[in-house]
Amino acid sequence: MNPNNTETNPPSAAEAAPAAAPLTDATHDPALRSWVASANVPGADFPIQNLPLGRFRPPADEGPGHADGADTLRVGVAIGDQVLDLKLAAQQCPWPEEIYPLLAPLAAGDLAAFMALGRPAWRALRAALSAALAEGSDQGPFLELCLRPRAGLRMAMPCTVRDYTDFYVGIHHATNIGRLLRPDNPLLPNYKWVPIGYHGRASSVGLGGPVRRPHGQQRPNPEAPPVYGPCQRLDYEMELALWVGVGNELGRPVPIEKAEEHLFGVSLLNDWSARDLQAWEYQPLGPFLAKSFATSVSPWVVSFEALAPFRRPLLRPGGDPAPLPYLHSAANHSHGSFSMTLEVWLQTAAMRSAGQGPVRLSQANAAEAAYWTPAQLLAHHTSNGCNLATGDLFGTGTLSGPGPGQGGSLMELSQGGREALQLPVGEQRRYLHDGDTVILRAFCEAPGAVRIGLGQLSGTVLPA
Ligand code: CA
């Protein structure tokens with residue numbers, strides 16, 4: 001394979017020439033087209049420049065040995081409106097010899113084992129998939145037989161979530177929420193120094209779909225004792241999921257220069273939140289049952305390689321403190337952030353009945369929203385020696401923009417429930433009602449690059 005693909009940031013040159021890192025390669029060429037025609041449609045989420053990986057269950061009618069069960073999970077690559085089944089692709093298509101060891105865990109349905117192989121393997125497979133799916137590839141006639149329509153495919157979690165940490169990198173979200181709680185002192189003094197986070201609950205992380213409104217303890221009347229009952233202020237949070245590919249040993253912090261070598265890719269994440277439970281329980285230790293009833297992630301994991309054309313410098317307003325040395329590197333400063341548009345859409349049960357499609361509630365850009373980069377989060381998380389492993393999941397925190405219509409939660413859009421949002425069929429919302437479907441979408445656009453998307457993450461509220 002291309003030897004340049006294994007060299008990201010020579011230590012001796014890292015400080016002197018951060019821009020020397022090979023951010024893009026032939027797989028990002030905007031002229032590249034796929035023999036899968038739907039991948040070439042402008043605006044497609046999954047053009048050949050993207051190549052996200054995910055897991056799915058093959059249809060049950062494929063015959064003996066294909067019954068439902070964890071052992072039948074397959075790994076696929078989303079390409080246009082199709083999915084390339086990597087079990088079939090490994091069996092039925094010739095590949096360069098060095099690619100077979102990389103395909104082996106994927107053909108076995110074990111995405112985590114591939115995530116553990118590290119960046120040189122990830123880049124080598126991406127190059128091989130790009131070549132195989134490109135127009136004119138000799139492998140096309142073999143791989144045509146390994147495609148499945150993406151619509152209707154039953155997706156599974158990319159891997160077992162080993163541990164889950166939710167950060168709080170959205171500075172406008174932190175400010176908006178802080179203003180509702182503490183009008184005179186919205187942003188706490190630690191915010192610009194230390195990436196804030198809490199240890200979340202891995203057991204209730206799943207794909208989108210139905211989410212049951214939780215019960216919990218709340219205190220709607222501050223003059224009366226608390227009560228236990230269904231959540232009345234159910235909310236979503238628009239976040240990104242960061243998947244850890246390569247872990248670190250207990251007691252061995254990962255320096256920020258190496259942090260991205262541990263990060264495999266990104267998905268969408270909805271941190272469902274019960275605001276009434278949260279308001280009563282959060283002091284002094286932070287979120288607990290207000291968050292742990294459900295967290296949803298989207299099934300396709302977009303690699304950091306695919307995001308290369310959309311990297312941005314880390315933006316800090318003038319006068320803000322420089323990151324402490326363990327959270328600073330020249331590369332992180334010059335291109336550690338990512339420009340990505342995130343959106344929340346809502347469709348209520350009444351809208352569905354009236355044939356009314358989802359309406360967009362908000363839109364924000366991740367580079368503008370996030371005060372800390374993925375590399376800074378991983379470096380900080382391990383800075384005390386905490387060990388991460390393959391399948392660890394980070395939530396970024398709610399990625400709200402600075403302006404109106406850019407809040408990544410209903411709590412922000414409704415000013416803490418004070419101002420109702422007007423919906424198309426005469427409805428109003430302050431918080432979510434039963435039957436509401438929340439849809440998260442995200443995509444990246446930049447001059448000279450082909451747009452890529454993360455797909456979507458959709459979840460519907462069920463009654464308590
Ligand atoms: Ca959150």
Side-chain angles (χ1 to χ4, degrees), residues 161 163-181 186-188 190-191 194-208 211 213-214 216 231 233-244 266-283 285-298 340 342-344 361-362 364 366 368-374 376-378 380-381 392-401 406-414 416-417 431-432 438-440 442 454 457 459 461:
V161 177
D163 232 331
Y164 166 50
T165 300
D166 198 22
F167 284 96
Y168 201 52
V169 307
I171 188 168
H172 305 295
H173 172 74
T175 306
N176 293 340
I177 296 292
R179 191 174 289 123
L180 293 168
L181 301 173
L187 204 61
L188 292 168
N190 57 3
Y191 190 85
V194 58
I196 303 296
Y198 67 94
H199 289 297
R201 183 80 195 162
S203 65
S204 49
V205 180
L207 295 183
V211 169
R213 179 182 297 274
C231 165
R233 293 164 63 191
L234 184 61
D235 202 354
Y236 57 79
E237 292 191 338
M238 174 176 78
E239 306 193 15
L240 288 175
L242 307 176
W243 291 97
V244 173
V266 305
S267 306
L268 288 159
L269 187 147
N270 183 348
D271 178 18
W272 300 93
S273 298
R275 299 302 182 195
D276 35 10
L277 278 59
Q278 186 177 2
W280 175 234
E281 76 174 7
Y282 88 102
Q283 290 178 315
L285 289 184
F288 182 35
L289 302 182
K291 302 280 192 174
S292 61
F293 60 94
T295 304
S296 304
V297 294
S298 57
M340 182 186 293
L342 293 106
E343 298 178 341
V344 180
L361 297 187
S362 62
E368 199 174 36
Y371 198 76
W372 304 99
T373 65
Q376 285 174 318
L377 299 186
L378 193 133
H380 181 66
H381 204 309
D392 258 297
L393 177 67
F394 296 172
T396 54
T398 310
L399 296 170
S400 302
Q406 297 188 334
S409 66
L410 280 175
M411 185 176 179
E412 291 164 84
L413 296 176
S414 72
Y431 290 100
L432 294 171
V438 178
I439 303 158
L440 270 52
L454 270 60
L457 171 59
V461 178

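As the structure lists them, so they are numbered: ligands from 1, and atoms in each ligand from 1. Only heavy atoms go into these numbers, but all of them, side chains included; no hydrogens, no water, no symmetry mates.
Remark: side-chain polar atoms of Asp235 are paired, donor with acceptor, to backbone N or O of Met411 under 3.5 angstrom. A distance-only check finds a donor-acceptor pair linking the side chain of Ser204 to the backbone of Ser292 [under 3.5 Å].
The Ca ion (ligand 1) sits nearest to atom OE2 when only the N, O or S atoms of Glu239 are considered. The atom of Glu237 nearest to the Ca ion (ligand 1) is OE1, with the search restricted to N, O or S atoms.
Residues Ala442 and Met340 approach most closely at CB-SD, 3.9 Å, considering heavy atoms.
No side-chain donor from either of Gln406 and Ser400 sits under 3.5 Å from a side-chain acceptor of the other.
The angle that Asp166 OD2 and Asp271 OD2 make at the Ca ion (ligand 1), rounded to 10°, works out to 80°.
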